[in-house]
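Scroll down for the structure; my scribbles are underneath it.
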Amino acid sequence: MIHRWGSTLIPTTREAPADAESPSHILLSRAGFIRKLGSGIYDYLPLACRTLRKVSQIVREEMDAAGASELLLPAMLPIELYKDTRRDVDYGDLLFKVTDRKGAVSALGPTHEEPITELVKGSIQSYKQLPLSLYQVQTKYRDEARPRSGLLRCREFIMKDAYSFHVSVEGAGGLNEVYDAMYRAYNNVFTRCGLDFTVVEAESGPIGGSASHEFMVNAASGEDTILKCPVSGYAANVEKCEIGERMVEGGAFNGAATGELSEVHTPGLPGIDEVGKFMKVKPDRMLKTIVFRPVESVGGSGGAAAGSGPKWIIAVVRGDHDVNEGKVKTASGWKVELAPEKDARAAGFAIGYVSPKIIAGRTDILMLVDPDAAGGGFWASGADKADHHVKHFNWRREVGAILDDSRYVKLADIRNAIEGDPSPRAAGAKLTTGRGIEVGHIFKLGTKYSDAMGLSVLDDKQQKRSVIMGCYGIGVSRTMAASVEQNHDENGIIWPAAIAPYHVLVTLMKPDDAAHVQAANKLAADLAAAGLDVLIDDRDERPGVKFKDADLIGIPVRLTIGDKALAEGGVEFKARRDTGKGEVVKLGEAADRCAAAMGG
RNA sequence: CGGGGUGUAGCGCAGCUUGGUAGCGCGUUUGGUUCGGGACCAAAAGGUCGGAGGUUCAAAUCCUCUCACCCCGACCA
């Protein structure tokens, strides 16, 4: 493949648009890959289009190898399709909607579980037709509350989504088998794309266990925090990361009092940081008490209103820690939501000033305490009345015997993990943190969609069985941006060869010189014959401009055709990654040299 | 959705406080000199100042409304 700069559209600029902040947004804009058309909506110019095609080609090859078949579903979906799963409600404003001339409403697909389920429902009836894996590469729409960082979070983006269908979880053809195959395929995809990435355990799906993994491109500018155990290799995102065994100083709830409990007037200061400053107490010596309301019991329905279970669930963590709702759910057995302030006040909670003392003498509250908040020593906490806090809080003295009643008080890991926490997989090891950009996510859906939409097959005993599903996504356009976030320098983008728009840039110093042009054409033909994609910079520009642009668009190898090298029958070879001047190689050897440089 | 901010030439910005013929840099076009890391000289093209309404002899500038976009937060398969 040979293209000429002068015949295509690569509008590079010296300055980036004022609204570009992240490296990928700035560089993709400046290098002429993308242009913003509206909030979270971008043109993909020829260079971007080539890179996107290379990424999706790799994705297609790996999906096909994993046994999936490509199809293409509509982007525009009748809103009625969402009736059974209620996702039009769950998605809320995130769902783009359009109205046609008859007034019928359609959604622009944010994912495609519903249409794929609908399709399969109408196409298969027997377990003999399973397992089945289908995928598509398609434009998705999400009306993000706040699009940002260029292609990293936008409203229209390109995604590969795959869905698998099974009669069983275990065994041949079961969900687990395909999930594992997809896991390997994803590793292959991102490895082949030349990206440095981490696979993390993510919030588990309805089946439980490690039923969900995220593929994160490691980049300092990433939105997500990743926690890793350097010893065991365990990695997880903040929502999911477990924390290893923690020692509770002085034994849970039994530390000695540090002094008389005394009340402090803290007017208008509900925040931990503000109160801490005011009372001259560090946040790690304060107790943070959050009030939740149980919504639904795990593994069954029926709310607190139904009678059984606690009416309130309160979570106590150290002031410098954050409560993790998922962990509260696991520890309590209840799906929870932050208690509505009005209701909580009516039930006696001084929101903003709640203390663990509140539980004494009550039987309608389940209290979860994080180990780091259960020790002895000095504690400050709320005073259970507005505008007041207390000092020298002591668990045993203030709360009393109910602490030992497991019906009402539980010690549990209920907070987000942070750097330095003990690893859950290796004794003595400490968790480290890094930043990442989520580019892939695989998870086990179970029967959520098939049950809601009535997708079932007859099994070998002629019994109707809900089809078990898996779901596997890759952000294709996001992967392109993530690669730039990870691979760039002060001069521009540095593409991994596998997803670079071209493999080689032939920079013609004198596009008017017949000998130069001839040498470039011969060279380009050799390169193309070796299977490499070539861009010839045939513009009548000054050398400085050409070199700057070459660095900016980040083609892995630049071959410069100029008088000096040509005089000795050679061409200047320079890898984008290398600093310095480059070296002269013989014209006849340049193609081999370039091909060799594409490995790795 | 809460807080903050910006809309003036393809891009980056000044002008607005104190109303009086719309400017600068980059880029673009033409001519010339240059020619291995974003050249120089000369000339030129290009804007209903986001939109609507109002005040005024006169509005980019003052007032009201509106739209769009950005940042922080909330939210985020």
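By convention in this document, chain letters (A, B, ...) are assigned in the order of the sequence lines, proteins followed by strands, and residues within each chain are numbered from 1. Owing to the predicted nature of the structure, the values given are computational and were not obtained by experimental measurement. Just the heavy atoms: all of them, side chains too, but no hydrogens, waters or symmetry mates, feed the values below.
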Select base, sugar-phosphate, or nothing to describe what A:A145 touches, counting heavy atoms under 4.0 Å on all strands. base
With C1' as the reference atom in both, quote the distance from B:A68 to B:U30 in angstrom, rounded to an integer. 37 Å
What is the nucleic acid contact for A:A16, judged by heavy atoms within less than 4.0 Å: base, sugar-phosphate only, or nothing? sugar-phosphate
More 5' along RNA chain B: A:G562 or A:F157, using each one's nearest nucleotide? A:G562
Listed partners of A:S22 passing side-chain contact (heavy atoms from CB on, under 4.5 Å), at least two apart: A:S24, A:H25, A:S149, A:E485
What nucleotide, of B:G36, B:A39, B:A77, holds the atom closest to the side chain of A:R142? B:A77
Report the nucleotide, chosen from B:G37, B:C69, B:G12, that has the shortest atom-to-atom distance to any side-chain atom of A:A18. B:G12
Looking only at B:A77, B:A39, B:C76, the nucleotide nearest the A:E144 side chain is B:C76
Applying salt bridge (charged side-chain N to carboxylate O under 4.0 Å, His left out) to A:K140 and A:E156, what does each step give before you reach the verdict? CA-CA 6 Å; A:K140 305 286 185 195; A:E156 177 183 286; over 6 Å; no
Within the modelled atom types, does a donor on one side and an acceptor on the other bring the side chain of A:D563 and the base of B:G36 under 3.5 Å apart? no
Looking at A:D322 and A:R415, does any basic side-chain N land under 4.0 Å from a carboxylate oxygen? no
Pairwise P distance, B:U48 and B:G4 [rounded to whole Å]: 33 Å
Out of B:C69, B:A77, B:C71, whichever nucleotide has its closest atom nearest the side chain of A:D19: B:C69
Of all residues at least two apart in sequence or in a different chain, which pass the side-chain contact (heavy atoms from CB on, under 4.5 Å) check with A:N324? A:K327, A:N416
Looking only at side-chain N and O atoms, does A:R435 offer a donor or acceptor that is under 3.5 Å from a partner on A:T225? yes
With rounding to the closest Å, how many angstrom separate the C1' atoms on B:U29 and B:G46? 10 Å
State whether the distance check finds a donor on one side and an acceptor on the other, under 3.5 Å, for side chain A:R14 versus base B:G10. no
Across all strands, who's sitting opposite B:A14 as a Watson-Crick or G-U wobble pair, both distances under 3.5 Å? none
Out of B:C75, B:A77, B:C69, which nucleotide sits closest to the side chain of A:R148? B:C75
Applying the 3.5 Å cut-off to both distances, the Watson-Crick or G-U partner of B:G7 turns out to be B:C67
pair_partner(B:C1), Watson-Crick or wobble, both distances < 3.5 Å, evaluates to B:G73
Counting any heavy atom closer than 4.0 Å, what does A:P147 reach on the DNA or RNA strands: base, sugar-phosphate only, or nothing? sugar-phosphate
OP1, OP2 of B:A39 versus side-chain N and O of A:R542: anything below 4.0 Å? yes
For B:A42, give the paired nucleotide (Watson-Crick: N1-N3 plus N6-O4 or O6-N4; G-U: N1-O2 and O6-N3; both under 3.5 Å), or none. B:U30
What's the gap between B:C41 and B:G5 when it is taken at their P atoms, as a whole Å value? 41 Å
Please tell me which of the listed nucleotides, B:G37, B:G12, B:C76, lies nearest to the side chain of A:R153? B:C76
When you measure from the centre of the six-membered ring of A:Y179, is the NZ or CZ of A:K444 under 6.0 Å away and within 45° of the axis? yes
Heavy atoms under 4.0 Å, any strand shown: does A:R558 hit a base, just sugar-phosphate, or nothing? base
Distance-minimising heavy-atom pair for A:V571 and A:A590: CG1-CB, 3.9 Å
At under 4.0 Å between heavy atoms, what does A:K36 touch on the DNA or RNA strands: base, sugar-phosphate, or nothing? sugar-phosphate
Whole angstroms only, please: what is the CZ-P distance between A:R478 and B:A77? 10 Å
Could you tell me which nucleotide pairs with B:A58 by Watson-Crick or G-U wobble geometry, both distances under 3.5 Å, or answer none if nothing does? none
When you get a sec, tell me which of B:G38, B:C76, B:C71 is the closest nucleotide to the side chain of A:R146? B:C71
Complement of B:G19, any strand, by Watson-Crick or G-U distances under 3.5 angstrom: none
